[in-house]
**Q** 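Sharing a structure here in structure tokens format.
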Amino acid sequence: MKKLALSASVAVGILALSACSSDDPETVVETGSGDVTKEEFYQELKDQNGETVLQQLVTKKVLQGNYEVEDEQVDKELESLKEQYGDQFEMVLQQSGFSDEEEFKEVLRLNMLQEKAVTEDVEVSDEEIQQRYEKMQTELVGRHILVQDEETAKEVKSKLDDGEDFAALAEEYSTDTGSAQEGGDLGAFTVGDMVPEFEEAAYNLEVDEISDPVQTSNGWHIIQITERNEVEDVEPLEDIKDEVRREIAAQKVDDAAAQEKMQQLMKDADIDVKIEEFKDLFKTPEAGEGATETPAPAEGENSGE
């Protein structure tokens, strides 16, 4: 969940379009060769990013009409991101195209609203919360070999079973360029750092045990855990129970379910677009027709994450 999501160009476009009116000829730029009016500015923005920006604006309005995210929640999420990225946060922010934290916070708020929408019907049991909390108390150190098909994964596993060297096979087979040259080394990781399937398999391994092929959205993994270390600074469960519940719920939602939820929200909002070229942007498709895309929570994952 802790990802920098939505491009800054979209964020800037939202702010710009919301500040413009097609009926207002007010000059926004004066030059010796002529002026630029709000109408011209609006038209250019509409032509370049209009569909995307309008979709984001309407989505934001619909979400804000149904859900609420407090400023304190946004600030807490921002601080969590800062902690995650450390000294690199400002650089990551700039590379993502955001001019400052305030601009990014508005995008973060939208993502949190989306998350609330798509997870509100997801059930999370106390047992699931307890199991995740117990995992949080253990940090794993491991390595993996990532390949793109099950057949190759089985071939690699067979070679490992015959005693061949894990690091050498990682260099030869792994498509994870970030770890292959390091013998597949992933370093230390804990709950929430990896995609759910990878995490589940890794936490079920004993030290030095090698997994059977594990399929994730990134391909097929062969995983080996080399260390299991106790995490000493885990907060009491009663203090973080809501956060743990939220993380589990987010993991349970797939893209199709998120898309369906967002489409239903847009349908229920009774949207009437007044701009002719975008009048069908939020039209609900009939059965058998392609669905109009609406934004879903961003989930960025790398080869093991």
Side-chain angles (χ1 to χ4, degrees), residues 1-7 84-85 88 92 95-96 111 115 118-119 122 128 131-132 135-136 138-228 247-260 293 295-305:
M1 290 185 295
K2 298 179 174 66
K3 308 292 177 183
L4 295 183
L6 299 184
S7 71
Q84 176 187 347
Y85 286 103
Q88 295 184 334
V92 171
Q95 289 178 345
S96 300
N111 281 316
E115 181 192 320
V118 302
T119 61
V122 176
E128 289 174 300
Q131 289 174 348
R132 186 175 182 86
K135 287 180 181 179
M136 291 170 63
T138 301
E139 178 188 75
L140 304 180
V141 178
R143 54 185 180 175
H144 79 148
I145 300 171
L146 174 65
V147 297
Q148 293 307 303
D149 59 82
E150 185 178 16
E151 182 179 354
T152 305
K154 288 181 176 179
E155 178 184 337
V156 172
K157 181 60 164 63
S158 178
K159 290 186 176 186
L160 288 167
D161 290 341
D162 289 339
E164 293 197 33
D165 183 66
F166 194 104
L169 290 172
E171 291 186 28
E172 179 181 354
Y173 283 93
S174 186
T175 60
D176 178 6
T177 56
S179 69
Q181 298 307 308
E182 302 298 327
D185 182 35
L186 293 169
F189 57 91
T190 186
V191 173
D193 290 339
M194 303 296 181
V195 293
E197 301 89 348
F198 188 104
E199 178 183 295
E200 182 69 21
Y203 270 92
N204 283 328
L205 293 173
E206 299 297 331
V207 172
D208 293 332
E209 184 181 359
I210 297 175
S211 74
D212 288 327
V214 177
Q215 185 179 20
T216 74
S217 57
N218 300 305
W220 292 81
H221 307 256
I222 305 295
I223 308 166
Q224 183 180 40
I225 297 305
T226 56
E227 295 180 38
R228 297 177 69 95
E247 291 172 352
I248 296 172
Q251 282 191 342
K252 285 187 170 186
V253 178
D254 60 25
D255 290 344
Q259 189 78 1
E260 182 178 351
E293 275 192 27
E299 296 286 344
E301 308 289 357
N302 62 30
S303 59
E305 300 176 55

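The first residue of the sequence shown is numbered 1, and numbering continues consecutively from there. Predicted model only: the values in this text are computed from it and were never measured.
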**Q** Any donor-acceptor pair under 3.5 Å linking the side chain of R228 with the backbone of L205?
**A**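 Confirmed, R228 side chain pairs with L205 backbone.
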
**Q** Let's go through Y173 and T152 carefully: what are the C-alpha distance in whole Å and the side-chain angles of both, what is the deciding distance for side-chain contact (heavy atoms from CB on, under 4.5 Å) to 0.1 Å, and is it a yes or a no?
**A** CA-CA 9 Å; Y173 283 93; T152 305; 3.8 Å; yes

**Q** Ignoring hydrogens and angles, state whether a donor on the side chain of Q224 or S211 is under 3.5 Å from an acceptor on the partner side chain.
**A**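 Side chains of Q224 and S211: no pair found under 3.5 Å.
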
**Q** Is it true that, when you exclude E260 itself, more than 12 heavy atoms of the residues, nucleotides or ligands shown sit nearer than 6.0 Å to its CD?
**A**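 12 or below, so no.
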
**Q** From Y203 OH over to I223 CD1, what is the distance, rounded to the nearest 0.5 angstrom?
**A**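 The distance works out to 12.0 Å.
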
**Q** Measure across L169 and V156 and return the closest heavy-atom pair with its distance rounded to 0.1 Å.
**A**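 It is CD1-O, 4.2 Å.
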
**Q** When you check the gap from the basic side-chain N to the acidic O, do R132 and E128 get nearer than 4.0 Å?
**A**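 No, this pair does not count.
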
**Q** To the nearest 0.5 Å, what is the distance between CG on L140 and CD on E227?
**A**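 Rounded to the nearest 0.5 Å, the CG-CD separation comes to 10.0 Å.
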
**Q** Within the supplied structure, the quantity of interest is the number of heavy atoms (other residues, nucleotides, ligands) at a distance under 6.0 Å from E182 CD; does it exceed 12?
**A**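 Counting other residues, nucleotides and ligands, CD of E182 stays at 12 neighbours or fewer.
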
**Q** Is there side-chain contact between I222 and P213, with heavy atoms separated by less than 4.5 Å?
**A**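 Side chain of I222 against side chain of P213, heavy atoms only: contact under 4.5 Å found.
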
**Q** So, taking the atom named CD in E197 and the one named NE2 in H221, what distance separates them when rounded to the nearest 0.5 Å?
**A**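 Reported value, rounded in 0.5 Å steps: 8.0 Å.
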
**Q** Looking at every heavy atom in both N218 and Q148, which two are closest together, and how far apart are they?
**A**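 Distance-wise, the nearest heavy atoms are O-NE2, 3.5 Å.
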
**Q** Roughly how far apart are D193 CG and E139 CD, rounded to 0.5 Å?
**A**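 The distance works out to 9.0 Å.
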
**Q** Between T119 (side chain only) and A250 (backbone N and O only), is there a donor and an acceptor less than 3.5 Å apart?
**A**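 No, T119 side chain to A250 backbone: no donor-acceptor pair under 3.5 Å.
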
**Q** As an exercise, state the distance from CZ of F166 to CG of D208, rounded to the nearest 0.5 Å.
**A**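 Here the rounded value is 11.0 Å.
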
**Q** Minimum heavy-atom separation for G184 to A170, with atom names?
**A**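 Shortest heavy-atom contact: N-CB, 3.6 Å.
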
**Q** Roughly how far apart are E150 CD and K154 NZ, rounded to 0.5 Å?
**A**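 Spacing of CD (E150) from NZ (K154) equals 4.0 Å.
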
**Q** Testing the 3.5 Å rule here: is there a donor-acceptor pair between the side chains of D176 and S179?
**A**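 Their side chains do contain a donor-acceptor pair, which is all the 3.5 Å distance test asks for.
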
**Q** Can you name the nearest heavy-atom pair linking K252 to V122, along with the distance?
**A**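 Of all heavy-atom pairs spanning K252 and V122, the closest is CD-CG1, 3.6 Å.
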
**Q** Do E155 and K159 come close enough that some side-chain heavy atom pair is under 4.5 Å?
**A**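 A side-chain contact exists here, since the closest heavy-atom pair is under 4.5 Å.
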
**Q** Is the shortest side-chain heavy-atom distance between V207 and T226 below 4.5 Å?
**A**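 No, their side chains stay 4.5 Å or more apart.
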
**Q** Specify whether F198 and H144 have parallel, tilted or perpendicular ring planes, treating 30° as the upper limit for parallel and 60° as the lower limit for perpendicular.
**A**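 Perpendicular: the ring planes of F198 and H144 meet at over 60°.
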
**Q** Quick one: do S158 and D161 satisfy side-chain hydrogen bond (donor to acceptor under 3.5 Å, both in side chains)? Show the steps, please.
**A** CA-CA 5 Å; S158 178; D161 290 341; 5.9 Å; no

**Q** Restricting to non-hydrogen atoms, name the atom on G142 and the atom on F189 that form the minimum distance, rounded to 0.1 Å.
**A**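 Answer, listing the atom of G142 first, then F189: N-CE2, 3.9 Å.
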
**Q** Looking at E164 and K157, does any basic side-chain N land under 4.0 Å from a carboxylate oxygen?
**A**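 K157 and E164: not salt-bridged.
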
